[in-house]
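Here is the structure we will look at.
Note that the coordinates shown come from a computational prediction; the quantities given were computed from them, not determined experimentally. When a ligand or atom number is given, it counts from 1 through the structure's own listing order.
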Amino acid sequence: MSSASTFQLSAARYGKSNVRVFRVARETPANATSPNSDPAGVSASARGPVHHVAEFNVNAHLEGDIAKSYTEADNSVVVATDSIKNTCYILSKTSPHATSPTLYALHVGLHFVNKYDHIHKSVIALEQLRWSRIDVRGEAHKHAFVRDGDEKRTVEIEVDASAGVDHVTAKITAGYRDLLVLKSSGSAFEGFIRDEYTTLTEVSDRIFSTAIDLSYTFAPPSASKHLVPLTIDKLSALDAEYEFDKVAESARRVTLEVFAEDESASVQATLYKAAQRLLEVNGWVASVTYRLPNRHYVPVNLAFAGLENMHPPEQAEVFCLLDAPSGYISATVTRT
Ligand SMILES: O=c1[nH]c(=O)c2[nH]c(=O)[nH]c2[nH]1
């Protein structure tokens, strides 16, 4: 290689990762939702107002005319990552959308491109942790919650102002991860390539378990609906159009229903059916990606104790979960 090599900064993005934000919203007579609007059917008997809580881990990263902070050690273009963190907290306090993961992420993302002329793109990725109302004798409690699962609801927003503030638009991706599922029947794996590398037995019925990672993208906001350029004061209109929470609930439900009901020929085939179904029932969703680790439960050989647990494989009763390796099946299905 010649000693006259030259270099250029070909990509740069920075920000704060894992900003932990917990928000309480207390209903007042003025902002109270109607009793039927809360799907949990909140108890009327507990004292005090109904609380809504949202816990987010936020990554807020920026791009723009920031090259000289790398190449010339010039910090005059740097919004400190500490200030980025502070912004996440300030908007959690002041945004009317603070408990909606999608609208809060959009608000944070739009804020940075609006506030700083040289910031052209913001990428806000957050996960929402699960807090479900505690059920007390059949009634959902007003302000007590339980972490009933490791799954996270996810949102990733890319706000793009590189064509100018009059053309701001956003790529919106949402989904779930760590949604752990298992079925003990209704899953086969047969007909795969058999050659000198194959030891796996074909099975007509097996355990199928995976930690679902699902993400779906929305069709871009449309100029004809006056949602481009996207601004903070249009977020309620955007939500009315896309119904982010309804789509999230539907995506989760469809995923679980297809997983449960499909007579699975393989992880691949079930994945494709779930993605198709999700696209069928959610018109604003443009593409669906599943990433599915295949958690292998293997029958334990108990022949040493005179017990049959291996044959036929469909009748196995005692299994061991393999730590590693695991299969990994992923695909994206796109509306054409
Ligand atoms: O559903 C499956 N798909 C595969 O590609 C595969 N490969 C494997 O060993 N088991 C499985 N199961």
Side-chain angles (χ1 to χ4, degrees), residues 127 149-154 156 173-217 247-282 285-305 307-336:
E127 59 179 21
D150 278 343
E151 73 185 79
K152 285 97 186 165
R153 186 171 158 192
T154 58
E156 182 168 325
T173 305
Y176 290 89
R177 68 169 153 261
D178 300 332
L179 180 56
L180 191 56
V181 292
L182 179 148
K183 62 197 283 187
S184 51
S185 185
S187 165
F189 190 56
E190 297 168 301
F192 51 87
I193 295 169
R194 295 212 79 81
D195 59 18
E196 65 275 31
Y197 294 96
T198 313
T199 55
L200 187 69
T201 336
E202 303 200 16
V203 273
S204 61
D205 200 15
R206 65 172 180 173
I207 289 176
F208 176 4
S209 178
T210 184
I212 296 170
D213 180 327
L214 154 67
S215 63
Y216 48 88
T217 63
V247 174
E249 192 276 323
S250 157
R252 184 178 187 279
R253 185 167 33 77
V254 163
T255 299
L256 294 179
E257 283 173 5
V258 173
F259 173 78
E261 291 184 348
D262 185 36
E263 282 299 321
S264 174
S266 64
V267 177
Q268 288 89 331
T270 302
L271 179 162
Y272 188 67
K273 284 184 193 170
Q276 268 185 307
R277 184 89 191 108
L278 204 158
L279 286 161
E280 270 163 20
V281 301
N282 292 289
V285 172
S287 71
V288 178
T289 300
Y290 282 101
R291 298 177 185 88
L292 302 178
N294 196 359
R295 304 174 74 243
H296 299 302
Y297 284 84
V298 294
V300 178
N301 190 344
L302 297 174
F304 71 92
L307 297 169
E308 180 54 78
N309 191 54
M310 305 297 283
H311 304 289
E314 292 79 4
Q315 294 300 319
E317 292 176 305
V318 179
F319 298 83
C320 171
L321 172 62
L322 281 189
D323 269 353
S326 78
Y328 182 81
I329 317 292
S330 67
T332 298
V333 181
T334 308
R335 195 183 296 284
T336 49

At a 4.0 Å threshold, what atoms of ligand 1 neighbour a non-hydrogen atom of Ser266? 1 (O)
Protein residue, atom and distance nearest to atom 4 (C) of ligand 1, heavy-atom basis: Phe189 CZ, 3.4 Å
Just checking Asp178: does its CG atom have more than 12 heavy atoms from other residues, nucleotides or ligands closer to it than 6.0 angstrom? yes
Just which atoms of ligand 1 are under 4.0 Å from any heavy atom in Asn294? 2 (C), 11 (C), 12 (N)
What residue and atom, counting heavy atoms only, is the protein's closest point to atom 9 (O) of ligand 1, and at what distance? Leu200 CD2, 3.5 Å
With a 4.0 Å cut-off on N to O distance, would you call Arg252 and Glu151 a salt bridge? yes
Can you give me every donor-acceptor pair (side chain of residues 312-327, partner residue at least two apart or in another chain, under 3.5 Å) with its distance?
residue, atom, partner, partner atom, Å
Glu314, OE2, Ser204, N, 2.8
Glu314, OE2, Ser204, OG, 2.9

Residue, atom name and distance, where the atom is the protein heavy atom closest to atom 12 (N) of ligand 1: Arg206 NH1, 3.1 Å
Would you say that more than 12 heavy atoms from the other residues, nucleotides or ligands in this model lie under 6.0 Å from the CZ of Arg295, or not? yes
Strictly distance-based, threshold 3.5 Å: is any side-chain N or O of Ser215 a donor or acceptor partner for the main-chain N or O of Ala174? no
Any nitrogen or oxygen of Ile329, side chain or backbone, less than 3.5 Å from one on ligand 1? no
Can you establish whether the number of heavy atoms outside Phe192 located under 6.0 Å from its atom CZ is more than 12? yes
Just distances here: any N/O of Gln268 and N/O of ligand 1 closer than 3.5 Å? yes
Should His296 be counted as touching ligand 1, given the test is an N or O pair under 3.5 Å? no
